[in-house]
Amino acid sequence: MAVARQMNASGINQGTSGNLSARIEGGLLITPTSLPYELMGPEDLVALDWQGQPLASAAMAEGPGRRPSSEWRLHADVLRLRPEIQAVVHCHSIRATALACHGRGIPSFHYMVAVAGGADIRCSGYATFGTGELSQLAVQALDGRLACLLGHHGQVALGTSPEQALRLAIEVETLAAMYLEASRLGEPPLLSQEEMQRVQQQMGKLLYGCGPATAPG
Ligand code: 13P
């Protein structure tokens, strides 16, 4: 719940757009549709199975509960198909969305692009929000990656926790801003595939992006 609120506080989201989910036993817990984050409480989160059917939860025992995010299918498909992922953030952050409106992903102009798991951050094709078609396009664009842009729509970031997924969504937005800024001088030169592989190895070796909690022994 705190992470859902931070989505707006961090500036990567506004109004009721964007949504957040986390894996639970038998399915996912997801933010409700069309409810401003500042009005949202833990009881408003919706528990669903992988087919989008309500899962019994303490909150729902007391009433009908909220309707799930219109993007529940995208969240459910990503969590179901990617067992290593625990949380999914979707938002309409301004600069990432600006690139996505041109159908442009983020290429290897900066080494930090590798935090999303590869040499680039892809942009999916466009499909109507809340559809299975959009979910399919997102799953494809996320293949081997932890983040992607959604054509004419926004971005998706994955993590092993809601906090990590949010950190990555903020990083994607920062990279999009840097890329747009660098592009003012012309299309920036790109780091090679080999260098991006070295960066990924270095990130793995230094546990880069895993947080400060565990110091090597
Ligand atoms: P929800 O309010 O249904 O989560 O939808 C917002 C959104 O971002 C749709 O893509």
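Note that ligands are numbered from 1 as they come in the structure, with each ligand's atoms numbered from 1 the same way. Predicted model only: the values in this text are computed from it and were never measured.
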State, yes or no, whether a side-chain contact exists between I12 and L166 at a heavy-atom distance under 4.5 Å. yes

Taking both backbone and side-chain atoms of P32, is any N or O found less than 3.5 Å from an N or O belonging to ligand 1? no

Quick one: which ligand 1 atoms are inside 4.0 Å of a heavy atom on H153? 10 (O)

Atom 2 (O) of ligand 1 [closest protein heavy-atom partner, distance rounded to 0.1 Å]: S34 N, 2.9 Å

So which heavy atom in the protein is nearest atom 6 (C) of ligand 1, and how far is it from that ligand atom? N19 ND2, 3.6 Å

To the closest 0.5 Å, what do you measure between OG1 (T128) and NE2 (H153)? 10.5 Å

May I ask you to identify the nearest protein heavy atom to atom 10 (O) of ligand 1, giving residue, atom name and distance to one decimal place in Å? E71 OE2, 2.7 Å

Value rounded to 0.5 Å, distance of NE2 in H90 from NE2 in H75: 6.5 Å

What distance separates C123 SG from L150 CG, expressed to the nearest 0.5 Å? 7.5 Å

For S69, the ligand 1 atoms with a heavy-atom partner under 4.0 Å come out as 1 (P), 3 (O), 4 (O)

If every non-hydrogen atom of F109 is compared with every non-hydrogen atom of L175, which pair is closest and at what distance? CZ-O, 3.4 Å

How far is atom 3 (O) of ligand 1 from its nearest protein heavy atom, and which residue and atom is that? T33 OG1, 2.5 Å

Quick check: are there more than 12 heavy atoms from other residues, nucleotides or ligands sitting under 6.0 Å from CZ of R95? no

Within 4.0 Å of some non-hydrogen atom of T16, the atoms of ligand 1 are 2 (O), 6 (C)

Quick check: are there more than 12 heavy atoms from other residues, nucleotides or ligands sitting under 6.0 Å from CZ of R5? yes

Ignoring angles and geometry beyond distance, decide whether S70 reaches within less than 3.5 Å of ligand 1 through its nitrogen or oxygen atoms. yes

Give the atoms of ligand 1, by number and element, whose distance to some non-hydrogen atom of H90 is under 4.0 Å. 8 (O), 10 (O)

As an exercise, identify every atom of ligand 1 less than 4.0 angstrom from a heavy atom of G18. 4 (O), 6 (C), 7 (C), 8 (O)

In terms of heavy-atom contacts, S21 and L28 come closest through CB-CD1, 3.9 Å

